[in-house]
Visitor: 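Dropping the structure in here first, questions after.
Please read all numbers here as calculations on a predicted model, not as lab measurements. Each chain gets a letter, A, B and so on, in the order its sequence line appears, and its residues count up from 1.
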Amino acid sequence: MNERHRIVQILSQGLGVGTEEIDTLLEIPSDRSRGDLALPCFRLAGVLKRPPADIAKQAAADLSEKAVAGLASVEAVGGYLNIRFDPAVQAKKVLQAILDQGERYGSNEVGAGKTVVLDYSSPNIAKPFSVGHLRSTVIGASVGNLLAFQGYRCVRINHLGDWGTQFGKLIVAYRKWGEEVDLEGPSPIKALLKLYVRFHDEAEADPSLEDQGREWFKRLEDGDPEATSIWERFKSLSLVEFQRMYDRLGVEFDTYSGESFYNDKMQPVIDRLQEKGLLVESRGAKIVDLEPHGLTPIIIQRSDDASLYATRDLAAACYRHETYAFDKNLYFVATQQNEHFKQVFKTLELLGEPWAKDCVHVAFGLISFAEGVMSSRKGKVIFLEDVLDQAVERVDRIIAEKNPELPNRTEVAEQVGVGAIRFYDLSRRRIKDWVFDWARILNFDGDTGPYVMYTHARLSSILRKGVERGMSPLREAASIEFSALDNPEAIEILKDLENFPRAISRAAEEYEPSILAQTLVDIADHANRFYNAHHVLVEQPSVAGTRLLLVACVRTLLRTGLGLLGIAAPEEM
RNA sequence: GCGCGUGUAGCUCAGCUGGAUAGAGCGACAGCCUCCGGAGCUGUAGGUCGCAGGUUCGAAUCCUGCCACGCGUACCA
């Protein structure tokens, strides 16, 4: 923003305060009817030894003297200096920018030449793809989109949970009761889940099963042919089901190399820990003592020499750095694993890896049920597929009621239903826990995905109707009829349009898609108010053309924003 | 016990680097289809920002203590 720069200079000179200080002090008023920019003068009062109101008054005088282009008014109110830009000038500028950049409006190149590795989704083989996995999947995918929009090269990794003691357990269960379940049916994972649940039931009575499970995992790790072939079958059956989810969600990965991929890459890491004298034996296991750093010990090798999750994560981090030379290495994993990632990152640091500081655990809260936590061991899970199906079905019923003539009804129902679920998960800050509630997740009124999509559809509809009546949006913002936008509803939207790039940047920097989701709700809200209060397709061509331009621009932003969240924007619904 | 996190309206949540009367949605109540799609719009009611101190001209926001809840706390991931 050029005016801002100019304003900072004038104020800095007039008041005799550094430009940087002025710049950090300048803010957007919480109540924007007060102006577009404000300078609270209280802090300056201390430095300048003058009353704040005095400073504000002088600053106002300084500014009005210099006649900055595009400034509408400048006034001192109490200790505040309030600055207002000429709304017509602002409007032209932002509308033209969107006209020029289209769906790229809001993007930038801050990440050009940099690489970010994103580890997300990462479901466990042979376990259901539950609503719990939804979080990692959609947050990770969306942050990837946001970072790519900022010019970063993104490497998307699905770090499949395809290794570990659980497979030993499952192999034991399969060998004992495998014939009692149907692995060739429509949902082999449900069959595997039965085996897993049964294992834990029986293990309560017969604890030796746990030992057998550990033993079979050890065999798997040592390359035992029977163990390997059973494991491979589980894996391929699972991947088919996962792919079905990813297709519906429109989520993609550059690689599916999971934990098993690192089975032969752990030894070098263990050796290096050994060389550095970090590895110590304790209670039969090999650990790195992290107590001096306020952390519990990280277990590198079990007493039976089998590997652990932490070992594989260390190997994976090193591999990723060698392979991709990342600038950031992100893990989209629940808060439960806070300590684990602290341990891993600290260990990398102790190994002398300077890039340890570029590893970030992008944590999110857990999903629970009113009755308690989800647990695949007890078979208490909600399958994501069931949630998506319910949502789509509900959308379909609503369409049947409100818009029965809609073409592509099945396709749109799928888009809106899946979008609703995605938006629900992305719309609150990641760190928050939430309790799964069918009534809430299937509600499509108010601050929801369907509301944003609906607004997009309404705007699309207005544009279509406009064309039918021989009207079209202006192609040059310079020729707008500003009086057509000179009302509180339109002004509010123009501010939204202006702030959009900043919302995107914040969402990307903080790895927080909810910032974008909330912004979209605000825009949709303002758009709804606007077209309820003001007719777009009016007689006067200049007014209609101007309002159509505004409609087209808002629609573009909603489309861009939904796209970054991985949500479709149907023209009708 | 210790570590990390969360605590804002009945419920679900916003509140950007501390700033001018704390904002939405759901639910409740009252209205709005001779007008571009009512998954919408307008209005009303509803808040000691967990509690107590402190820093500051100014604190929901920063610091300390306490309380409540969640997660973690050695061979699961």
Side-chain angles (χ1 to χ4, degrees), chain A residues 24-25 27-31 34 38 40 42-43 45-46 51-52 77-80 82 122 124 127 161 163-166 169 213-214 217 259 282-287 294-304 306 308-310 312-313 333-340 342 363 365-366 368 373 377 395 398-399 401-403 416 420 427-429 431-435 437 439-440 443-451 453-455 457-459 461-466 468-469 502-503 506 510 514-515 518 521-522 524-525 528-529 531-538 544 547 551 572-573:
Chain A
T24 55
L25 243 38
E27 65 183 22
I28 296 166
S30 50
D31 175 2
R34 292 175 184 280
F42 308 98
R43 204 167 318 190
V77 179
Y80 288 89
N82 291 330
S122 310
N124 294 324
K127 283 204 201 167
W163 210 241
T165 312
Q166 49 175 331
K169 296 178 182 178
R214 274 192 279 272
F217 174 55
E259 294 188 61
S282 169
R283 303 182 208 172
K286 300 241 173 66
I287 66 158
L295 296 170
T296 51
I298 180 170
I299 303 176
I300 301 298
Q301 211 165 52
R302 284 191 338 204
S303 39
D304 66 358
L308 285 150
Y309 179 44
R312 294 190 284 274
D313 262 355
V333 180
T335 54
Q336 281 169 338
Q337 292 183 29
N338 269 342
E339 181 90 354
H340 165 74
K342 280 187 190 166
L366 16 321
S368 57
V373 212
R377 295 186 180 197
V395 168
I398 295 174
I399 294 174
E401 180 193 327
K402 302 187 189 256
N403 196 4
V416 176
S427 59
R428 60 210 88 218
R429 297 197 82 101
I431 200 71
K432 300 260 184 185
D433 293 342
W434 49 276
V435 176
D437 179 346
R440 205 175 283 284
N443 169 44
F444 304 148
D445 297 330
D447 291 353
T448 64
Y451 175 63
M453 288 186 260
Y454 168 80
T455 307
R458 288 292 303 274
L459 297 174
S461 168
I462 292 172
L463 286 162
R464 268 198 315 274
K465 285 259 157 52
E468 281 170 22
R469 299 182 194 178
R502 193 164 163 268
R506 275 191 58 215
E510 298 178 29
S514 69
I515 293 173
Q518 295 291 341
V521 168
D522 285 343
D525 183 15
N528 270 292
R529 286 189 205 173
Y531 64 64
N532 266 290
H534 308 280
H535 239 276
V536 175
L537 306 176
V538 294
R547 290 188 178 160
V551 165
E572 292 180 69
M573 61 186 266

Visitor: Reckon Ala533(A) touches a base, only the sugar-phosphate, or nothing at all at heavy-atom distances under 4.0 Å?
Guide: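 Touches nothing.
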
Visitor: In whole angstroms, how far is the P atom of rU73(B) from the CG atom of Asn338(A)?
Guide: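 It works out to 11 Å between those atoms.
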
Visitor: How close or far is atom C1' of rA74(B) from atom CG of Leu295(A), stated in whole angstroms?
Guide: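 Spelled out: CG on Leu295(A) to C1' on rA74(B) is 13 Å.
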
Visitor: What is the separation between atom CD1 on Ile28(A) and atom C1' on rA20(B), rounded to the nearest whole Å?
Guide: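 Roughly 16 Å, once rounded to whole Å.
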
Visitor: Over all strands shown, is Pro29(A) touching base, sugar-phosphate only, or nothing at heavy-atom distances under 4.0 angstrom?
Guide: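 Base: the residue Pro29(A), judged by heavy atoms under 4.0 Å, touches a nucleobase.
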
Visitor: So how far is it from Ile287(A) CD1 to Leu308(A) CG, rounded to the nearest 0.5 Å?
Guide: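 Between atom CD1 of Ile287(A) and atom CG of Leu308(A) there are 12.0 Å.
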
Visitor: Quick one: is Lys465(A) getting a side-chain N or O under 4.0 Å of the rG37(B) phosphate, OP1 or OP2?
Guide: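 So the side chain of Lys465(A) is within the cut-off, an N or O lying under 4.0 Å from OP1 or OP2 of rG37(B).
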
Visitor: Test for a donor-acceptor pair under 3.5 Å between the base of rC16(B) and the side chain of Arg502(A), counting only N and O atoms.
Guide: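 Checked by distance alone, the answer is yes.
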
Visitor: Which of the following nucleotides, rA20(B), rA77(B), rC75(B), is nearest to the side chain of Arg34(A)?
Guide: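 Comparing rA20(B), rA77(B), rC75(B) against the side chain of Arg34(A), the answer is rA20(B).
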
Visitor: To the nearest angstrom, how far is Glu468(A) atom CD from rC36(B) atom C1'?
Guide: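 One finds 10 Å between C1' of rC36(B) and CD of Glu468(A), rounded.
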
Visitor: Name the nucleic acid region contacted by Arg428(A), choosing base, sugar-phosphate or nothing; use a 4.0 angstrom heavy-atom cut-off, strictly under.
Guide: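 Here Arg428(A) touches the backbone only, sparing every base.
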
Visitor: By nearest atom, which of the nucleotides rG40(B), rC71(B), rU6(B) is closest to the Ile431(A) side chain?
Guide: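 Selected nucleotide (nearest to the side chain): rU6(B).
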
Visitor: What contact category does Gly164(A) fall into here, base, sugar-phosphate, or nothing, at under 4.0 angstrom with non-hydrogen atoms?
Guide: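 Sugar-phosphate: the residue Gly164(A), judged by heavy atoms under 4.0 Å, touches backbone atoms but no base.
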
Visitor: Is any N or O donor-acceptor pair between the side chain of Ser303(A) and the base of rC75(B) shorter than 3.5 Å?
Guide: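 Per atom types, the contact qualifies.
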
Visitor: Does rC76(B) have its OP1 or OP2 closer than 4.0 Å to a side-chain nitrogen or oxygen of Thr165(A)?
Guide: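 So the side chain of Thr165(A) is within the cut-off, an N or O lying under 4.0 Å from OP1 or OP2 of rC76(B).
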
Visitor: Within the pair Arg302(A) and rC76(B), is there a side-chain N or O less than 4.0 Å away from OP1 or OP2?
Guide: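 Checking rC76(B) against Arg302(A), a side-chain N or O does come within under 4.0 Å of OP1 or OP2.
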
Visitor: Checking only heavy atoms, does the side chain of Asn443(A) share a donor-acceptor pair with the base of rA39(B) at less than 3.5 Å?
Guide: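 Such a pair does not exist between side chain and base.
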
Visitor: If I pick the C1' atom on rA14(B) and the same atom on rA9(B), what distance separates them, to the nearest angstrom?
Guide: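 rA9(B) and rA14(B) have their C1' atoms separated by 13 Å.
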
Visitor: From rA74(B), rG72(B), rC57(B), pick the nucleotide closest to the side chain of Arg43(A)?
Guide: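 Minimum distance to the Arg43(A) side chain belongs to rC57(B).
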
Visitor: Measure from the side chain of Arg506(A), starting at C-beta and using heavy atoms only, and say which of rG72(B), rG15(B), rG70(B) lies closest.
Guide: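 Per side-chain heavy atoms of Arg506(A), the pick is rG15(B).
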
Visitor: When all nucleic acid strands are considered with a 4.0 Å heavy-atom cut-off, which category describes Ala306(A): base, sugar-phosphate, or nothing?
Guide: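 The answer is nothing, as Ala306(A) stays clear of every strand by at least 4.0 Å.
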
Visitor: Are any of Arg529(A)'s side-chain N or O atoms less than 4.0 Å away from OP1 or OP2 of rU42(B)?
Guide: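 So the side-chain polar atoms of Arg529(A) do come within 4.0 Å of the phosphate oxygens OP1 or OP2 of rU42(B), strictly under.
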
Visitor: Within the 4.0 Å heavy-atom criterion, would you say Leu308(A) contacts the bases, only the backbone, or no part of the nucleic acid?
Guide: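 Sugar-phosphate only.
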
Visitor: Within less than 4.0 Å of OP1 or OP2 of rC41(B), is there a side-chain N or O belonging to Tyr451(A)?
Guide: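 Yes, because at least one side-chain N or O of Tyr451(A) sits under 4.0 Å from OP1 or OP2 of rC41(B).
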
Visitor: Does Asn403(A) use its side chain to pair, donor to acceptor, with the backbone of Ile399(A) at less than 3.5 Å?
Guide: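 Side chain of Asn403(A) to backbone of Ile399(A), a donor-acceptor pair under 3.5 Å: no, none is there.
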
Visitor: Have a look at Ser461(A) and say if it touches a base, only the backbone sugar-phosphate, or nothing, with a 4.0 Å heavy-atom cut-off.
Guide: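 The residue Ser461(A) makes base contact.
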
Visitor: What is the distance, rounded to the nearest whole Å, between atom CG of Leu366(A) and atom C1' of rC69(B)?
Guide: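 Atom-to-atom, Leu366(A) to rC69(B), this comes out as 12 Å.
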
Visitor: Taking the side chain of Ile299(A) as its heavy atoms from C-beta onward, which of rU6(B), rA20(B), rC75(B) lies nearest to it?
Guide: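 Out of rU6(B), rA20(B), rC75(B), the nucleotide with an atom closest to Ile299(A)'s side chain is rC75(B).
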
Visitor: What is the separation between atom CD on Glu339(A) and atom P on rC75(B), rounded to the nearest whole Å?
Guide: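 Atom CD in Glu339(A) sits about 13 Å away from atom P in rC75(B).
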
Visitor: Just compare rC41(B), rC71(B), rA77(B) and give me whichever is closest to any side-chain atom of Asn124(A).
Guide: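 Of the candidates, rA77(B) comes closest.
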
Visitor: Quick one: on RNA chain B, does Thr448(A) or Val538(A) contact a more 5' nucleotide (nearest heavy atom)?
Guide: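 Closer to the 5' end of RNA chain B: Thr448(A).
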
Visitor: Tell me the interatomic distance from Gln518(A), atom CD, to rG25(B), atom P, rounded to whole angstroms.
Guide: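 Whole-Å distance recorded here is 12 Å.
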
Visitor: Please measure how far the P atom in rC26(B) lies from the corresponding atom in rC41(B), and state the result in whole Å.
Guide: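 To the nearest whole Å, 8 Å.
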
Visitor: Would you mind classifying the nucleic acid contact of Tyr531(A) as base, sugar-phosphate or nothing, using non-hydrogen atoms under 4.0 angstrom?
Guide: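 If one applies the 4.0 Å heavy-atom cut-off, Tyr531(A) turns out to touch a base.
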
Visitor: When all nucleic acid strands are considered with a 4.0 Å heavy-atom cut-off, which category describes Met573(A): base, sugar-phosphate, or nothing?
Guide: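 It contacts base atoms.
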
Visitor: Dot-bracket notation for RNA chain B is requested: 5' to 3', Watson-Crick or G-U wobble pairs only, both distances under 3.5 Å, with ( ), [ ], | and . as defined.
Guide: (((((((..((((.....[...)))).(((((.......))))).....(((((..]....))))))))))))....

Visitor: Just call it for Lys286(A): base, sugar-phosphate, or nothing, with non-hydrogen atoms closer than 4.0 Å on any strand.
Guide: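 No contact.
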
Visitor: Closest to the Arg429(A) side chain: rC41(B), rA14(B), rG37(B)?
Guide: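 Taking heavy atoms from C-beta onward, the closest nucleotide is rA14(B).
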
Visitor: Return the 5'-most residue of the pair Ile515(A), Glu27(A) with respect to RNA chain B, ranking by each residue's nearest nucleotide.
Guide: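 Its nearest nucleotide lies further toward 5', so the answer is Ile515(A).
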
Visitor: Which whole-number value in Å describes the distance from Asp447(A) CG to rC11(B) P?
Guide: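 Going from CG in Asp447(A) over to P in rC11(B) covers 18 Å.
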
Visitor: In whole Å, measure the gap between the C1' atoms of rA22(B) and rG58(B) for me.
Guide: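 It works out to 15 Å between them.
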
Visitor: For the side chain of Thr455(A) and the base of rA39(B), is some donor closer than 3.5 Å to an acceptor across the two?
Guide: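 Such a pair does not exist between side chain and base.
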
Visitor: Under 4.0 Å, heavy atoms only, any strand: does Ile298(A) hit a base, just the sugar-phosphate, or nothing?
Guide: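 Here Ile298(A) touches no strand at all.
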
Visitor: Consider the side chain of Phe42(A), meaning its heavy atoms from C-beta on, and name the nucleotide among rC36(B), rC57(B), rG40(B) that approaches it most closely.
Guide: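 Shortest atom-to-atom distance from the side chain points to rC57(B).
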
Visitor: Considering only the P atoms, how many Å lie between rC49(B) and rA20(B), rounded to the nearest integer?
Guide: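 Rounded to whole Å, the distance is 16 Å.
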
Visitor: Indicate whether any N or O donor in one side chain lies under 3.5 Å from an N or O acceptor in the other, for Tyr451(A) and Asn528(A).
Guide: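 Result is yes, a qualifying pair exists.
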
Visitor: Rounded to the nearest 0.5 Å, what separates atom CZ in Arg214(A) from atom CZ in Arg302(A)?
Guide: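 One finds 6.5 Å between CZ of Arg214(A) and CZ of Arg302(A).
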
Visitor: Any side-chain N or O of Arg312(A) below 4.0 angstrom from OP1/OP2 of rA77(B)?
Guide: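 Answer is yes, contact under 4.0 Å.
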
Visitor: About how many Å separate CG of Asp525(A) and CD of Gln518(A), when rounded to the nearest 0.5 Å?
Guide: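 Between atom CD of Gln518(A) and atom CG of Asp525(A) there are 11.5 Å.
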
Visitor: Would you please confirm or rule out a distance under 4.0 Å between OP1 or OP2 of rA14(B) and any side-chain N or O of Lys432(A)?
Guide: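 Affirmative; the distance criterion is met.
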
Visitor: With rounding to the closest Å, how many angstrom separate the P atoms on rC57(B) and rG50(B)?
Guide: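 To the nearest whole Å, 25 Å.
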
Visitor: Tell me which nucleotide among rC26(B), rC36(B), rA77(B) gets nearest to the side chain of Asp445(A).
Guide: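 The answer is rC26(B), which lies nearest to the side chain.
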
Visitor: With a 4.0 Å cut-off on heavy atoms, is Ser282(A) in touch with a base, just the backbone sugar-phosphate, or nothing at all?
Guide: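 Since a base atom lies under 4.0 Å of Ser282(A), the category is base.
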
Visitor: First locate atom CG of Asn124(A), then atom CD of Glu259(A), and finally report the distance between them rounded to the nearest 0.5 Å.
Guide: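 Output value for this atom pair is 7.5 Å.
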
Visitor: Would you classify Glu259(A) as touching base, sugar-phosphate or nothing, given that sugar-phosphate means primed atoms plus P, OP1 and OP2, and contacts are heavy atoms under 4.0 Å?
Guide: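 Sugar-phosphate, no base atom in range.
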
Visitor: Is the glycosidic torsion of rC33(B) within 90° of 0, making it syn, or is it anti?
Guide: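 Chi for rC33(B) falls in the syn range.
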
Visitor: Taking atom P in both rA45(B) and rG25(B), what distance in whole Å separates the two?
Guide: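 Straight-line distance between the two P atoms is 15 Å.
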
Visitor: Out of rC11(B), rC76(B), rG38(B), which has the shortest distance to the side chain of Arg214(A)?
Guide: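 Among the listed nucleotides, the one closest to the side chain of Arg214(A) is rC76(B).
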
Visitor: Which part of the nucleic acid, if any, lies within reach of Thr296(A) when heavy atoms closer than 4.0 Å are counted: base, sugar-phosphate only, or nothing?
Guide: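 Sugar-phosphate: the residue Thr296(A), judged by heavy atoms under 4.0 Å, touches backbone atoms but no base.
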
